[in-house]
Amino acid sequence: MFMSSHVLKILLVENHDDTLTYLAEYLRECGHTVRSATSMNAALKSLADESVDILISDIGLPDGDGWQLLRRIHELKLTAPFSIAMSGYSTKADIEKSRVAGYRHHLVKPFLPDELDVLIQEAATSFQKV
């Protein structure tokens, strides 16, 4: 478990209850502030209410997908400076689609907490340089 000295504000978008609960709890134990959403529209509303440092979003959502979510974030000029996609979609085309949409990383489910820790550390380091 990566304990950051820099508390990050994270929006976690996931419609699978167990995954959402586990990841949110894990990220809080790492010292971060975590808000959650279970749909694209809920995520957009959350970002309109308050900006975040990191967006971690599932690709498969009930009212769209994570790629559409990131496009809408940019169109609405909302803030999510460091974005991580997570999905069972694991083809090269899926990963490339995440990159083109603007995600910095595409985690393939299931993934280990250590894999997420590396990306959170990268985000924390990038914010410390600013």
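If you read the sequence from its start, that first residue is 1, and numbering goes on from there. Because only heavy atoms are used, hydrogens play no part in the values below, and waters and symmetry mates are left out as well, while side chains stay in.
- When all heavy atoms of Leu107 and Glu115 are compared, the closest pair comes out as CD2-CB, 4.0 Å.
- A donor-acceptor pair shorter than 3.5 Å can be found between the side chains of Gln121 and Thr125.
- Going from atom OG of Ser126 over to atom CG of Leu8 covers 8.5 Å, rounded to the nearest 0.5 Å.
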For this session: Go through Asp94 and Thr91 one step at a time and tell me if the side-chain hydrogen bond (donor to acceptor under 3.5 Å, both in side chains) criterion holds.
Result: CA-CA 5 Å; Asp94 296 324; Thr91 67; 2.9 Å; yes
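- Considering only heavy atoms from C-beta on, Ile54 stays 4.5 Å or farther from Leu119 through its side chain.
- Every residue meeting the side-chain hydrogen bond (donor to acceptor under 3.5 Å, both in side chains) condition with Glu96, not counting sequence neighbours, appears here in chain and number order: Arg99.
- In the hydrophobic cluster analysis, where Ile, Leu, Val, Met, Phe, Trp and Tyr join through side-chain heavy atoms closer than 4.5 angstrom, Ile95 is grouped apart from Phe111.
- Using a 4.0 Å cut-off between charged nitrogen and carboxylate oxygen, Lys109 and Asp58 count as a salt-bridge pair.
- With contacts defined as side-chain heavy-atom distances shorter than 4.5 Å, the pair Tyr22/Pro113 qualifies.
- Between Pro62 and Ser39, the closest heavy-atom pair is CG-CB, 4.1 Å.
- Of the possible polar contacts, none joining the Asp53 side chain to the Ala123 backbone as a donor-acceptor pair under 3.5 Å is found.
- You'll find the side chain of Leu44 reaches within 4.5 Å of the side chain of Leu69, heavy atoms only.
- Contact record, Met40 with Gly64: CE-CA, 4.3 Å, taken as the closest heavy-atom pair.
- Closest non-hydrogen pair, Asn15 versus Gly60, comes out as OD1-O, 3.1 Å.
- The distance from the OG1 atom of Thr38 to the CG atom of Asp17 is 8.0 Å, given to the nearest 0.5 Å.
- When each of Val13, Leu11, Leu20, Leu23 is tested with Ser36 by the rule side chain to side chain contact (heavy atoms under 4.5 Å, CB included), just one qualifies, namely Leu20.
- Closest non-hydrogen pair, Ile10 versus Val52, comes out as C-CG1, 4.3 Å.
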Check: residues 70-77 side-chain donor-acceptor pairs under 3.5 Å, at least two apart:
residue	atom	partner	partner atom	Å
Arg72	NH1	Glu75	OE1	2.9

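- Between Leu78 atom CG and Ser51 atom OG the span is 9.5 Å, to the nearest 0.5 Å.
- Under the 3.5 Å distance criterion, the side-chain polar atoms of Ser46 are left unmatched by any main-chain donor or acceptor of Ala43.
- Within the model, atoms CD of Glu50 and OG1 of Thr33 stand 8.5 Å from one another, a figure rounded to the nearest 0.5 Å.
- The closest side-chain heavy-atom distance from His32 to Lys9 is not below 4.5 Å.
- Pairing each heavy atom of Gly66 with each of Leu61, the nearest pair is N-CD1, 4.1 Å.
- Put simply, CG on Asp65 and CD1 on Ile59 are 6.5 Å apart, with the number rounded to the nearest 0.5 Å.
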Review item, side-chain donor-acceptor pairs of residues 79-89, under 3.5 Å, at least two apart:
residue	atom	partner	partner atom	Å
Ser83	OG	Ala80	O	3.3
Ser87	OG	Tyr89	N	2.8

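- Under the 4.5 Å side-chain heavy-atom criterion for ILVMFWY residues, a single connected hydrophobic cluster contains both Ile120 and Tyr26.
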